[in-house]
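Here the structure is a predicted model, which means the values were calculated and not measured.
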Amino acid sequence: MLVATGLVAHAADDPKAVKSEDGKYLDKEGNPTFNVAADGTVDWYTYSGFRRYHSECHVCHGPDGMGSTYAPALKDSLKTMSYGDFLEVVASGRKNVNTAQESVMPAFGDNPNVACYMDDLYVYLRARAHDAVGRVRPPKREDKPDAYTKAETACMGNK
């Protein structure tokens with residue numbers, strides 16, 4: 001269900017969108033990235049990522065990626081985490097154990113409500129990491145691209 005591209009550019013690198021393919025913005029390394037217009041209009045992936053994050057991730061990672069006593073701030077993690085590492089952690093999970101605590105990120109690779117929207121989540125959190133979007137729902141967004149709708153239907157299956 002999940003396809004990683006194997007790209008290893010870090011989110012700390014320049015997140016500027018240099019091209020768009022079917023409504024998805026990409027940085028110079030080919031990683032998904034955000035696009036926020038001067039009037040505050042966000043690309044569809046950032047908008048969808050906001051919605052998906054608050055549907056699936058905020059319970060542990062806190063509102064708007066700011067972290068909690070239970071899980072780290074993803075806003076901070078995306079400053080240094082590569083796209084490939086993000087996909088791997090979300091799909092496969094992670095377990096960190098030290099003498100003071102144990103933290104476990106469950107695997108979401110089999111959960112279509114997460115796996116089908118990995119790029120959306122990455123793009124939204126990358127935008128948060130670079131302070132391109134605030135802590136509230138983006139007020140304006142681009143239209144949902146046709147290619148996105150087709151990919152979403154294929155991933156989620158026909159219902």
Rounded to the nearest 0.5 Å, how far apart are [atom1] of [X] and [atom2] of [Y]?
X: Y47; Y: T41; atom1: OH; atom2: OG1; result: 12.5 Å
X: L125; Y: T46; atom1: CG; atom2: OG1; result: 10.0 Å
X: R52; Y: D120; atom1: CZ; atom2: CG; result: 7.5 Å
X: L26; Y: D119; atom1: CG; atom2: CG; result: 9.0 Å
X: W44; Y: Y25; atom1: CH2; atom2: OH; result: 13.5 Å
X: Y148; Y: T153; atom1: OH; atom2: OG1; result: 10.5 Å

Verify same cluster id: [X], [Y] (apolar side-chain graph, 4.5 Å):
X: M156; Y: F108; answer: yes
X: L121; Y: V36; answer: yes
X: V89; Y: L87; answer: yes

Just by distance, do the side chain of [X] and the backbone of [Y] share a donor-acceptor pair under 3.5 Å?
X: T33; Y: P15; answer: yes
X: K28; Y: D14; answer: no
X: R126; Y: Y83; answer: no
X: H61; Y: P72; answer: yes

With sequence neighbours left out, what residues match H54 under ring-ring contact (aromatic ring centres under 6.0 Å, His included)? F50, H58
Is the shortest heavy-atom distance from the side chain of [X] to the side chain of [Y] under 4.5 Å?
X: R135; Y: P63; answer: yes
X: Y45; Y: N35; answer: no
X: R94; Y: E88; answer: no

Does this structure show an ion pair linking D22 with K150, if we count only N-O contacts that are shorter than 4.0 Å? no
Which atom of C60 lies closest to which atom of A71, heavy atoms considered: O-CB, 3.2 Å
Contact summary for F34 and A132, nearest pair of heavy atoms: CE1-CB, 3.3 Å
Test D131 against K75 for side-chain contact (heavy atoms from CB on, under 4.5 Å), laying out the working first. CA-CA 9 Å; D131 295 318; K75 181 181 186 295; 2.9 Å; yes
Let me see the working for E152 and Y117 under side chain to side chain donor-acceptor pair (under 3.5 Å), right down to the final yes or no. CA-CA 8 Å; E152 181 179 41; Y117 303 96; 2.5 Å; yes
Take atom CG of D39 as the centre, draw a 6.0 Å sphere, and report whether it contains more than 12 heavy atoms from other residues, nucleotides or ligands. yes
Would M66 and R128 count as a side-chain contact (heavy atoms from CB on, under 4.5 Å) if you check the C-alpha gap in whole Å, the side-chain angles of each, and the deciding distance to 0.1 Å? CA-CA 9 Å; M66 299 299 290; R128 289 287 298 131; 3.2 Å; yes
Stepwise side-chain contact (heavy atoms from CB on, under 4.5 Å) test for N111 and E56: CA-CA 10 Å; N111 179 341; E56 301 291 334; 4.0 Å; yes
